[in-house]
Amino acid sequence: MTQGSLLRQILEYENRHDPYPLYAELRKAPVRNEDDAYVVSTYREVLSLLHDPRVSSDARNLTQSAGIDLQGQQEEETTLPPSFIRLDPPEHDRLRRMTNTSFGPPHEPRRVHEMRGELGGIVSDLIAGIGSTDRIDLVEQFSYPFPVTVICRLLGVPREDESRFHGWADTLAASLDPMPGEDPTERNKVFQKARTELGMYLAGLIEERRKNPRQDMLSELSTLKGPDGSMTTMELLSTAALLLVAGHETTVNLITNGMLTLLRNPDVLERLREDPGLSVPIVEELLRFEPPVQLVPNRTTLADIGIAGVTIPKGASLWLVVAAGNRDPLRFEDPDRFDPDRKHNEHLGFGSGIHSCFGAPLAREEARIALSELARRLVNPRLLEDPPEYRRNAVLRGPRHLPIACDDIRP
Amino acid sequence: MPADGYLERLKREGRIVVVGASLAGLRAAETLRDEGFAGTLTMVGDEPYEPYDRPPLSKGVLLNRTTPDHTALPRRRALDADWRLGVAATGLDMAAKRVRLADGEELEYDRLLIATGVRARPWPHEREAELDGVFVLRTRDDATALQKRLTDGPRRVFVVGAGFTGSEIASACREREIAVTVAERGAAPLVGALGGVVGEVAAQLQRESGVDLRTGVMVTGLEGDSAGRVRTAHLSDGSSVEADVVVVSLGATRNTEWLTGSGLGAGPRGIACDAGCRAFDIRGIVTDDIFVAGDVARSPHPLFGYQFLSLEHWGNAVSQAETAAHNMLCKSVDRRPHMWVPAFWSSQFGVNIKSVGVPSMGTEILISQGSLAERRFVGVYGYQERVIGAVTFDQARWLPFYEHLIETTASFPPPFATVDRRPEGARPVPADFPDPSVPTHGPTVTLSGYSPADRRMTFTPGRH
């Protein structure tokens, strides 16, 4: 195996269903230079770089050309400014803070808290609509429509437009996937079209909400006036697109990976069926065991950083493999075992530091409600394909379809 | 080996007494049970309440968001302990291994843990301190009384001392739109803990929030009306302030008086112990059956020149209690040192303030991220060309990085670029701590040993 091959193997589609042996191989050298990118795979080192103020999320600081195109340039070619996930302080802090005033946590978890009932209702409706139990595609029929509906309600997208959102979200999420060797032109075109359409749609909606504000996030963000000023329409568009993509695909995968893992561990599924409260540690363990975001490929060094015996030079492209860190045996005992009773489970599933997942409280709530309801209502559920077919994406990893069957659906 | 046999017996049927039923006492007791202690566990506390959490008392409670009876500390496990609440310990007989209680009872122990913490330093003039409307804030009862008075709608609250607690009280008052005056002997709020550069930011925050902040003044007296209610505070600059509530926030005193004459190395600065939490006696000899944890302990720390460090920090109480409990039950080679890096947080005037290390040891400060003007920044403290502490205003997520710099004795000023380094942070400036011989409000970190570089004694070998 050559030095440069591990990263490419991880990106190869044929390894998508089980990248964990490759991650184990990666961890043999906690920091390695592959294809002009520095790949970091051990828990301690990933965590420390996530808190390191010499690490930038702003693509403008990248000076070395990365051997694998991260498609980061696409964002800059559009007229939208980068969203806060691709910004450093103080711009990042300002936008994230303003977005937070409408979202709630940590000071008041009100919006997520208030949505609990609605989340339960959406889940209930989706399960009721499953129909035939001989062959259920859990992705298409459940875990895909659920979060996009939630995001739409959160932002204030009218229900009749929700299906158009599914399409845009799909295209935008696919663009985050690094694709070695592929000609980006065609993909770029599709991506640009989706981004433009979504942008125009949201711009119209924001205009409408500015005039007639409601209780939704778009209304609150577009009328916000605080110590940080207001969001420009462009900033608001970027933020809304970020919430849509980051809050959507990831949750789909969390729920799908969750059900897949539970069906592979029927004893845990049975425990969950008897005790919905167990969904709390189950979701945490899932975020460690099968994190929806497997790696963070878009960081750059502002200075030479010495770590684990390696000096990462200034301007380098940094890939933080959080999914590998989550299975680091130096941090987690028996890391390849799915164990909802695990203590001190401070996983990297939501990242850490200033870019730690903005939507974490919502994602946790969605996954808890979804998994405990599925466990309660599906009678004798079983996998029809294992492993299932995966999406292409190596960053936002999850099954494209999850065919399952069950004997009946409880009311 | 006989020692092993003793430990076995201790774990099975020994008697452990924990004096102090607050955060450190509770966490130590839980750790003892976690580590297999099956003997008799007695918890002694001078307050009538089960262990409760203090940080909410100066924040959520004063803001009326929670009530003092909702501050009970969560239990990590069942304790099966014999609780002696509302009874203070009054004495210790080290030779007989007995703790005397205020009700005359004596408790025998095989191992003793002292976690008696600190209490608020009262207003020094006794008659003035007894005026109606004069408060301190440390206990649940203090908080209940003060919260009630704030809800009655006082015309003005007068806070003596602008340390963390005093500033949090002032912040709560402003949030409730109560007029408040703060008097501070130093040049700025928080100056003892964080220095003048950061203190200036705290002063601006207070003034912009409508606090009538008086710095560089002492309170010379409190005056009451004929009914014994506090009415006026007199200041050293000749001015006076009319107030119907006065909160005295002058730091804390360690609860060690009950150990006077016991032969334990206890005094006004706390109880000296080794890095394994074993208390020293007055001869400087380490005991093997008396352990110390929490605010009342002072122990040497290698990161800070092996000076004796005592910390009034929540996290320190938890960590030191766990270490002490572990060490009480194990062989000497299995003992762990308590090497906690000091960490502290406060919430005031809408700002989340956190610090790690010992900023007050620093001589210089570098604003490594953000800006003082925006009140969002990371300040790094340097001492003899190494990083010794850090403080953040609304930037707490970066702190683990700076903690690592302190732990690895990284060089100061940090030579590297960071995200959001502004021109003002290009070079360090004097951190501007007050002369330690001038008392301000009590700092929450006290370094109380001699520096190893300090030679206080000359040893002259005998000549033959």
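Each chain gets a letter, A, B and so on, in the order its sequence line appears, and its residues count up from 1. From a predicted model like this one, the values you see are computed outputs, not experimental measurements.
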[X], [atom1]: over 12 other non-hydrogen atoms inside 6.0 angstrom:
{"X": "Arg44(A)", "atom1": "CZ", "value": "no"}
{"X": "Arg427(B)", "atom1": "CZ", "value": "no"}
{"X": "Glu35(B)", "atom1": "CD", "value": "yes"}
{"X": "Arg336(B)", "atom1": "CZ", "value": "yes"}

Please name the pair of heavy atoms, one in Val55(A) and one in Val419(B), separated by the smallest distance, quoted to 0.1 Å.
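The answer is O-CG1, 3.8 Å.
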Nearest heavy atoms of Ala417(B) and Arg54(A), plus distance in Å
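Looks like O-CG, 3.2 Å.
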At a heavy-atom distance under 4.5 Å, which candidate from Arg376(B), Arg422(B), Gln395(B), Gln369(B) has the highest pair count against chain A?
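Highest number of pairs under 4.5 Å: Arg376(B).
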So which of Phe416(B), Phe401(B), Tyr402(B) has the largest heavy-atom pair count under 4.5 angstrom toward chain A?
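Sorted descending by pairs with chain A, the first entry is Phe401(B).
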Check whether any side-chain N or O of Arg397(B) sits under 3.5 Å from a backbone N or O of Ile354(A) as a donor-acceptor pair, and report yes or no.
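Pair absent, no side-chain N/O of Arg397(B) close to backbone of Ile354(A).
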Quick check on Asp88(A) against chain B: is it the side chain, the backbone, both or neither that has a heavy atom closer than 4.5 Å?
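For Asp88(A), the side chain is the part near chain B, not the backbone.
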Let me know if Asp93(A) has heavy atoms under 4.5 Å from chain B in its side chain, its backbone, both or neither.
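Side chain of Asp93(A) only, per the 4.5 Å heavy-atom cut-off to chain B.
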Could you tell me the separation between the CG atom of Leu87(A) and the CG atom of Asp420(B), rounded to the nearest 0.5 Å?
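Result: 11.5 Å between the selected atoms.
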How long is the gap from NE2 on His404(B) to OG on Ser48(A), to the nearest 0.5 Å?
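Atom-to-atom, His404(B):NE2 and Ser48(A):OG are 6.0 Å apart.
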At a heavy-atom distance under 4.5 Å, which candidate from Pro90(A), Ala303(A), Pro227(A), Ser56(A) has the highest pair count against chain B?
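Greatest number of close heavy-atom pairs with chain B: Pro90(A).
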